[in-house]
Amino acid sequence: MPTDIILPSSGMGIEEATIVRWLKNIGDKVREGEIIVEVETAKAAVDIEAPVTGILTTIVAPEGVTIEINAVIGTIQD
């Protein structure tokens with residue numbers, strides 16, 4: 001069953017972030033809690049962790065794209 005990777009809210013009134021760099025490619029194994037993508041908000045750089053262990057199957061938001069908080073940025077198949 002696929003699990004969505006959600007861009008979490010960091011508080012501070014931030015409403016969007018830009019994908020800086022994916023540290024994994026589609027098809028790579030990821031572990032729960034492993035940092036898989038770096039994003040940048042207006043106030044800080046933030047590392048996003050894998051929510052589950054599995055295979056990264058989809059990257060919805062590629063590098064350089066700005067997206068809203070709580071948007072799906074990828075999926076992991078467990």
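Values reported hereafter were calculated over all heavy atoms of this structure, with side chains retained and with hydrogens, waters and symmetry mates removed.
- Gln77 and Thr57 make their closest contact through CB-CG2, 3.5 Å (heavy atoms, listed as atom of the first residue, atom of the second, distance).
- Ile35 CD1 to Ile48 CD1: the interatomic distance, rounded to the nearest 0.5 Å, is 9.5 Å.
- Here the OG1-CZ distance, from Thr53 to Arg31, works out to 6.5 Å after rounding to the nearest 0.5 Å.
- Considering every non-hydrogen atom in both Pro51 and Thr3, the closest pair reads CG-CG2, 4.0 Å.
- To the nearest 0.5 Å, atom NZ of residue Lys24 and atom CD1 of residue Ile5 are 12.0 Å apart.
- In the hydrophobic clustering of this structure, Ile55 does not group with Ile59; members are Ile, Leu, Val, Met, Phe, Trp, Tyr whose side-chain heavy atoms approach within less than 4.5 Å, directly or through other members.
- Thr41 contributes a side-chain N or O that, together with a main-chain N or O of Lys43, makes up a donor-acceptor pair within less than 3.5 Å.
- Criterion: ILVMFWY side-chain heavy atoms under 4.5 Å apart, direct or through other members. Under it, Ile26 and Ile76 are part of a common hydrophobic cluster.
- A donor-acceptor distance shorter than 3.5 angstrom exists from the side chain of Asp78 to the backbone of Met1, with no hydrogens or angles considered.
- Separating the CG atom in Leu7 from the CD1 atom in Ile19 is a distance of 6.0 Å, to the nearest 0.5 Å.
- If you chain together hydrophobic residues whose side chains sit under 4.5 Å apart, Val72 and Leu56 never meet in one group.
- The minimum heavy-atom distance between Ile73 and Trp22, with the atom names listed, is O-CZ2, 3.3 Å.
- Hydrophobic clustering (ILVMFWY, side-chain heavy atoms < 4.5 Å, transitive): Val39 and Leu23 are in distinct clusters.
- Rounded to the nearest 0.5 angstrom, Thr75 OG1 and Ile6 CD1 are separated by 10.5 Å.
- Among residues two or more places apart in sequence or in another chain, the side-chain hydrogen bond (donor to acceptor under 3.5 Å, both in side chains) test is passed with Thr66 by Thr18.
- Just one of Glu63, Glu40, Glu38 meets the salt bridge (charged side-chain N to carboxylate O under 4.0 Å, His left out) condition when paired with Arg21; it is Glu38.
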